[in-house]
Colleague: 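Structure in structure tokens, see below.
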Amino acid sequence: MAKEKKVEQITDMEVDFAQWFTDICTKAELVDYSGVKGLFILRPYGYAIWENIQSELDRRFKATGHENVSMPLLIPESLLQKEKDHVKGFAPECAWVTMGGSEELQERLCIRPTSETLFCDHWSHIVHSWRDLPCLYNQWCSVLRWEKTTRPFLRGREFLWQEGHTIHTTEQEAREETLRMLDVYAELCESYLAMPVIKGNKTDKEKFAGAVNTYTIECMMHDHKALQSGTSHYFGDGFTRAFDIAFTDKDNTLKYPHQTSWGMSTRIIGGIIMTHGDNNGLVLPPRIAPVQAVVIPIAMHKEGVADKAQELVARLKAAGLRVKGDFSDNSPGWKFAEWEMKGVPLRIEIGPKDIEAGKCVAARRDNGEKCDVSLAELETRIPELLDAVQLGMFDKAKKNLDEHTYTAKTTDEVCEALKNGGGFVKTMWCGDEACELAMKDKAGVSSRCIPFEQQRVGEVCPICGKPAKEMIIWGVAY
RNA sequence: CGGGGUGUAGCGCAGAUGGUAGCGCGCAUGGUUCGGGACCAUGAGGCCGGGAGUUCAAGUCUCCCCACUCCGACCA
């Protein structure tokens, strides 16, 4: 009789969700702790997931006309000071370099928490004419923010990300860019990471320091909390004026370009874990899994088994899949549990009985289903199964999102809806920040976004009772 | 930065009233195994988070640090 729980090392998520998360991060060999709080080591398996996300995103950035650059690590304090809202937002969590060798620096240097100011300073040197625009830049780097409490992937002091920065001749063009890049994130999340998203606008309270508009994609985790999975900002010309990035337009007048920035970080890996993982470990969407299928020989010492398993690995590799064979001397059961913990989407078992029957056994990580696959059809059936896993994972996540999204007309209804297990609540909203704060007070939720897809779920703001402007989504956020 | 928890072998832990460290797993070697975390034998592995103090003697008692972790406030 099969045991219900196969991996002893991982705490059940029902028992302690945070511990479950941390267990997966370490037991699946994604991260290790370093000697400095909030600075994590991405181990090869964890980094490989990031590399796959990175290559998918990079491909899309380039397809939409962007170029990669590399900006300095350090920002002179005077540069950071130039845009007042921006400094106010980031100053509390900046780390500073004050010494060079044994000399104290005449101006202290901030280790970049984000690079808007660096890009703007650079553009002020190189942009003179409408012919120089747009500048469509992106950089892959890490940034540093001195967070108080830290967790692997979800909140590090240093984290890897990409930051796109663009400037355009007109507001319209910049606004289109902002939404275009939000769509890139949304498409990656849904099609590759199997994470359904809600696209929307952040309230003024929640928007990025210095931005005119902040757009977001919000995802729901297993514990029904929200994870902001990507953001895209429209800045207007606030920074470009502050940094004096003036250009001469076609009509020979001096103008300031309109700016955007957008980012996605390794936090998304935390999102993948908390969207798809289960009590046996990580579950990775096939499209970004470093190993899409693992071949496990059964009774490896028996004549021909190891060779046959090697042959399967070679055939699947030749078919373009990311495949690994586990020929270690661990027992098959050990290997099953190990690769489950690491979230490999498909396990392929091949033993003496299979070889005799001209087949192998494929087991899906997402739902545990096993099926026989004829060796003759290997190259067509395995990719089909991977597609099925990918879709199955999305549907499961979508179901979680739908089943824990409620609508409410009063604050009491909001509290009632969140009573067992939390989730997202849609209400109308007057647009007043005071009501946003009051909701946090009364129901313990913050605004996640004002969704692009609006519904009329009432007529008045549930807090103040005044006529409502729009629908907003509330939730507890990571 | 406020509150809680934890630091002893790689990991998980045990070490009464102080006497110079032990168990399980893992690791190494050899052998038997192999369709859901196999077993036997042998072996390696320790500045007991750090620093002061008390004492003939500190993993153990007293102070002070530090790190990790969880819950709040702030953020991707």
Side-chain angles (χ1 to χ4, degrees), chain A residues 1-11 16-23 25-27 32-40 89-94 113-114 142-163 185 202 205-209 214 216-219 226-233 261-271 280-281 296-302 305-306 326-341 347-355 360-361 363 368 370 372 440 444 446 476-478:
Chain A
M1 195 187 292
K3 281 188 292 180
E4 261 306 302
K5 184 164 151 50
K6 296 143 192 163
V7 179
E8 311 298 343
Q9 292 97 324
I10 293 178
T11 307
D16 184 343
F17 192 78
Q19 188 59 51
W20 167 83
F21 177 82
T22 308
D23 281 352
C25 289
T26 56
K27 304 284 164 48
D32 192 22
Y33 291 91
S34 77
V36 182
K37 179 186 170 71
L39 275 57
F40 297 95
F90 281 102
E93 47 185 12
C94 284
T114 179
S142 71
V143 289
L144 194 74
R145 300 177 185 180
W146 215 251
E147 301 287 351
K148 309 286 189 227
T149 57
T150 58
R151 301 181 67 189
F153 295 118
L154 299 175
R155 177 155 293 100
R157 286 178 172 171
E158 184 190 20
F159 56 89
L160 288 166
W161 75 346
Q162 58 69 217
E163 46 178 332
Y185 293 144
K202 282 288 188 188
K205 180 181 174 295
E206 296 283 331
K207 76 186 184 189
F208 182 83
T214 289
T216 177
I217 49 173
E218 298 286 328
C219 298
L227 188 81
Q228 181 175 324
S229 300
T231 50
S232 186
H233 316 289
S261 80
W262 24 275
M264 183 177 269
S265 74
T266 43
R267 172 183 255 200
I268 195 70
I269 297 175
N280 291 337
I296 297 181
I298 308 293
M300 201 169 44
H301 60 290
K302 295 215 170 118
V305 172
D326 187 344
F327 299 98
S328 69
D329 58 6
N330 293 307
S331 71
W334 190 94
K335 293 176 187 177
F336 294 173
E338 176 70 9
W339 291 105
E340 256 165 32
M341 189 150 66
R347 177 181 73 238
I348 297 168
E349 303 169 22
I350 178 94
K353 285 181 256 173
D354 299 310
I355 294 171
C360 60
V361 175
K370 281 190 181 190
D372 288 345
K440 174 85 189 173
S446 56
V476 177
Y478 268 98

Colleague: Closest approach of Ile350(A) and Cys360(A), non-hydrogen atoms and distance?
Modeller: CD1-CB, 4.1 Å
Colleague: Among rC34(B), rC70(B), rG37(B), which is the nearest nucleotide to the side chain of Ala337(A)?
Modeller: rG37(B)
Colleague: Which nucleotide in the list rG35(B), rC70(B), rG37(B) gets nearest to the side chain of Ala18(A)?
Modeller: rC70(B)
Colleague: C1' atom, rG26(B) versus rU62(B): distance in rounded Å?
Modeller: 37 Å
Colleague: Between P on rG36(B) and CD1 on Ile350(A), what's the gap in Å once rounded to a whole number?
Modeller: 16 Å
Colleague: Identify, between Thr22(A) and Leu227(A), the residue whose nearest nucleotide on RNA chain B lies closer to the 5' end.
Modeller: Thr22(A)
Colleague: Looking at rC71(B), rG37(B), rG36(B), which one has an atom nearest to any side-chain atom of Met341(A)?
Modeller: rG37(B)
Colleague: Using atom P of each nucleotide, how far apart are rC74(B) and rC65(B) to the nearest Å?
Modeller: 28 Å
Colleague: Does any donor-acceptor pair link the side chain of Arg347(A) with the base of rG36(B) at a separation under 3.5 Å?
Modeller: yes
Colleague: Report the base-pairing partner of rA57(B) (Watson-Crick or G-U wobble, both distances below 3.5 angstrom), or none.
Modeller: none
Colleague: What integer distance in Å separates Tyr478(A):OH from rG72(B):C1'?
Modeller: 15 Å
Colleague: Could you give the NZ-to-P distance, from Lys27(A) to rG37(B), as a whole number of Å?
Modeller: 19 Å
Colleague: Round to the nearest Å and state the distance from Met300(A) atom CE to rG36(B) atom C1'.
Modeller: 16 Å
Colleague: As a test of reading the structure: which of rG35(B), rA73(B), rU69(B) is closest to the side chain of Thr150(A), going by heavy atoms?
Modeller: rU69(B)
Colleague: Can you identify which nucleotide, out of rU69(B), rC34(B), rG36(B), has its nearest atom closest to the Lys370(A) side chain?
Modeller: rG36(B)
Colleague: Salt bridge or not between Glu338(A) and Arg347(A)? Use side-chain N to carboxylate O under 4.0 Å.
Modeller: no
Colleague: CG of Asn280(A) versus P of rG36(B): gap in Å, rounded?
Modeller: 15 Å
Colleague: Nearest to the side chain of Thr149(A), heavy atoms from C-beta on, is which of rC1(B), rG36(B), rU69(B)?
Modeller: rC1(B)
Colleague: Looking at rU33(B) and His301(A): do their rings stack (centroid distance under 5.5 Å, interplanar angle under 30°)?
Modeller: no
Colleague: For the pair made of NZ in Lys148(A) and C1' in rU69(B), what is the distance, rounded to whole Å?
Modeller: 18 Å
Colleague: When the P atoms of rG15(B) and rC61(B) are compared, how many Å lie between them, rounded to an integer?
Modeller: 12 Å
Colleague: With side chains defined as the heavy atoms from C-beta onward, is the minimum distance between Thr231(A) and Tyr185(A) less than 4.5 Å?
Modeller: no
Colleague: Considering only the P atoms, how many Å lie between rC39(B) and rU60(B), rounded to the nearest integer?
Modeller: 37 Å
Colleague: Looking at Asp354(A) and rG35(B), is any side-chain donor or acceptor paired with a base atom of the opposite kind under 3.5 Å?
Modeller: yes
Colleague: What distance separates Asn330(A) CG from Met300(A) CE, expressed to the nearest 0.5 Å?
Modeller: 9.0 Å
Colleague: Choosing from rC74(B), rC68(B), rC71(B), which nucleotide comes nearest the side chain of Tyr33(A)?
Modeller: rC68(B)
Colleague: Which is true for Gly351(A) with a 4.0 Å heavy-atom rule: it touches a base, it touches only sugar-phosphate, or it touches nothing?
Modeller: base
Colleague: Specify the separation, in whole Å, of atom CD of Glu338(A) and atom C1' of rC11(B).
Modeller: 14 Å
Colleague: Considering only the C1' atoms, how many Å lie between rG12(B) and rG72(B), rounded to the nearest integer?
Modeller: 29 Å
Colleague: Sticking with atom C1', work out how far rC48(B) lies from rC23(B), rounded to a whole angstrom.
Modeller: 16 Å
Colleague: Tell me which of Trp334(A) and Gly230(A) sits closer to the 5' end of RNA chain B, going by the nucleotide each one is nearest to.
Modeller: Trp334(A)
Colleague: State, to 0.1 Å, how close Phe153(A) and Gly270(A) come at their nearest heavy-atom pair, and which atoms those are.
Modeller: CB-N, 3.7 Å
Colleague: Pick the P atom in rA16(B) and in rG7(B), then give their distance to the nearest Å.
Modeller: 14 Å
Colleague: Taking atom C1' of rC34(B) as reference, at what distance in whole Å does atom CG of Asp329(A) sit?
Modeller: 11 Å
Colleague: Ser331(A) side chain N/O closer than 4.0 Å to the phosphate oxygens (OP1, OP2) of rA38(B)?
Modeller: yes
Colleague: Looking at Arg151(A), I'd like to know whether one of its side-chain N or O atoms comes within less than 4.0 Å of OP1 or OP2 on rC70(B).
Modeller: yes
Colleague: How far, in whole Å, is rA9(B) from rC27(B) if one measures between their C1' atoms?
Modeller: 11 Å
Colleague: I'd like to check Thr266(A) versus Phe40(A) (side-chain heavy atoms, cut-off strictly below 4.5 Å). Are they in contact?
Modeller: no
